[in-house]
Amino acid sequence: RLVRVEGEVAAPGIYPALPGETMPQLLRRIGGFTPQAYVFGIEFSREETRQRQRENIAAAITRLETLSATQSARDAANRTDINAASVASLSSTATQAQLSRLAKVQPNGRIALELSPDANSIESLPDFPLENSDRIIVPPRPGFVTVVGAVVNNNAFLWRQGRTAGDYLRI
C-alpha cells in the first residue's frame with residue numbers, strides 16, 4: 001500500500017501505509033506540515049475514485065449519444081421545412097461538440113475532504129484508512145486571491161488575514 005505525499009510536509013515522498021493507517025496518522029509519522037501548509041487546500045485523490053469517475057463519464061457519453069440519436073430521429077420525422085432542418089443540424093452539431101469535449105475530460109480521482117476554511121492542523125483532517133495509490137498534496141498558503149467573472153475589475157489581490165469574499169468583491 002504505497003501513498004504519495006507532496007507539497008508542504010516535512011518529508012514529501014512515497015510511503016508504505018501501515019495496515020489501517022489513516023491520513024492523520026501517516027502525516028504525523030512523516031513529520032507533519034511545514035509552516036507554509038494550507039490545510040484547507042489539501043488535495044486528496046484515490047485511484048478507485050478516478051476509475052469510477054471514468055466509468056461515469058463513459059455512461060454519460062452513452063446516454064448523450066442515445067438522446068442525440070433519438071432527438072435526431074424525432075426531428076427528421078417531424079421536419080416540415082428547410083428552417084427546421086437547419087435548426088436540427090445546428091442542434092446536432094452542438095451535441096457532437098459537447099460529446100467531443102466530454103470524451104476529452106480526464107478524471108482526477110479527487111475526493112472532497114469537507115474541511116473547515118480555518119483548518120490548520122492534522123487533527124482537523126478526516127480519519128479514514130488509506131489505500132494503495134492514494135495521493136495527498138498539501139499546497140502552500142496562497143498569497144493572492146483572484147477575482148474573476150461578472151465583476152468590474154478581474155484581478156488578483158494580495159491575500160489579507162480576515163478579509164472576506166465580499167471584501168475582495170468591493171475592492
Side-chain angles (χ1 to χ4, degrees), residues 1-9 12 14 23 36-119 125-126 128-160 163-171:
R1 235 180 266 135
L2 297 178
V3 177
R4 178 181 297 271
V5 183
E6 302 174 40
E8 298 297 323
V9 292
I14 298 173
M23 182 188 304
Q36 296 80 28
Y38 183 47
V39 178
F40 178 64
I42 288 179
E43 292 182 34
F44 176 74
S45 59
R46 179 166 276 173
E47 188 55 40
E48 177 186 337
T49 302
R50 184 186 335 270
Q51 183 58 38
R52 265 191 263 132
Q53 289 170 338
R54 191 175 288 120
E55 291 166 3
N56 289 340
I57 290 169
I61 289 171
T62 300
R63 280 192 309 273
L64 190 54
E65 287 171 338
T66 301
L67 284 170
S68 177
T70 302
Q71 186 62 41
S72 293
R74 188 176 301 132
D75 290 346
N78 294 330
R79 192 172 299 138
T80 57
D81 61 16
I82 292 186
N83 285 339
S86 176
V87 169
S89 175
L90 284 173
S91 176
S92 176
T93 302
T95 300
Q96 290 307 312
Q98 180 67 18
L99 281 167
S100 177
R101 282 191 301 275
L102 196 53
K104 292 177 186 172
V105 170
Q106 293 298 316
N108 59 13
R110 188 166 180 180
I111 296 174
L113 298 178
E114 300 180 34
L115 299 174
S116 167
D118 58 353
L125 297 174
F128 57 90
L130 295 169
E131 294 181 4
N132 189 44
S133 299
D134 282 353
R135 185 173 181 191
I136 302 165
I137 303 172
V138 183
R141 182 164 297 284
F144 300 93
V145 174
T146 305
V147 180
V148 295
V151 295
V152 174
N153 185 16
N154 288 320
N155 213 333
F157 299 95
L158 286 174
W159 177 85
R160 301 264 191 240
R163 275 193 185 160
T164 65
D167 294 333
Y168 286 104
L169 288 172
R170 280 188 285 284
I171 294 171

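Since we're looking at a predicted model, the values are computed, not measured.
- Annotation for I42 and R110: closest pair O-NH2, 3.7 Å, computed over non-hydrogen atoms.
- Of all heavy-atom pairs between Y168 and V147, the closest is CB-CG2, 3.9 Å.
- Applying the 6.0 Å contact sphere to CZ of R4 captures no more than 12 heavy atoms from other residues, nucleotides or ligands.
- Among the candidates N153, V148, N154, the single residue satisfying the side chain to side chain contact (heavy atoms under 4.5 Å, CB included) test with V151 is N154.
- P142 has its side chain out of reach of W159: every pair of non-hydrogen atoms, C-beta onward, lies at least 4.5 Å apart.
- Taking both residues in full, the closest heavy atoms of L113 and M23 are given as CD1-CE, 4.1 Å, listed atom of the first, atom of the second, then distance.
- In this structure, CG in L158 is found 9.5 Å from CD1 in I171, a value given to the nearest 0.5 Å.
- Distance CD1/I14 to CD/E6: 8.5 Å, rounded to 0.5 Å.
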Step by step, work out the side-chain contact (heavy atoms from CB on, under 4.5 Å) result for N108 and Q106.
CA-CA 6 Å; N108 59 13; Q106 293 298 316; over 6 Å; no
Show me, pair by pair, the donor-acceptor contacts under 3.5 angstrom made by side chains of residues 59-69, not counting sequence neighbours?
residue, atom, partner, partner atom, Å
T62, OG1, A58, O, 3.0
T66, OG1, T62, O, 2.9

Start with the C-alpha distance between E48 and Q51, add both sets of side-chain angles, then the distance that settles side-chain contact (heavy atoms from CB on, under 4.5 Å), and finish with yes or no.
CA-CA 5 Å; E48 177 186 337; Q51 183 58 38; 5.8 Å; no
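- Contact record, E47 with S133: CB-CB, 4.0 Å, taken as the closest heavy-atom pair.
- Under a 4.0 Å N-O distance rule, the pair R46/E131 qualifies as a salt bridge.
- Using a 4.5 Å cut-off on side-chain heavy atoms (C-beta onward), V39 and V138 make no contact.
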As a quick check of understanding, evaluate side-chain contact (heavy atoms from CB on, under 4.5 Å) for D134 and I136, giving each step before the final call.
CA-CA 7 Å; D134 282 353; I136 302 165; 5.6 Å; no
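- A pairwise comparison of heavy atoms in G7 and P12 identifies O-CG, 3.7 Å as the closest pair.
- Applying the ring-ring contact (aromatic ring centres under 6.0 Å, His included) test to pairs two or more places apart or on separate chains, none has a residue in residues 137-158.
- For the atom pair E8 CD and Q36 CD, the distance stands at 5.0 Å (nearest 0.5 Å).
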Verdict with supporting geometry, R50 and Q53, side-chain hydrogen bond (donor to acceptor under 3.5 Å, both in side chains)
CA-CA 5 Å; R50 184 186 335 270; Q53 289 170 338; over 6 Å; no
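- Residues satisfying the ring-ring contact (aromatic ring centres under 6.0 Å, His included) criterion with F44, sequence neighbours excluded, are F128.
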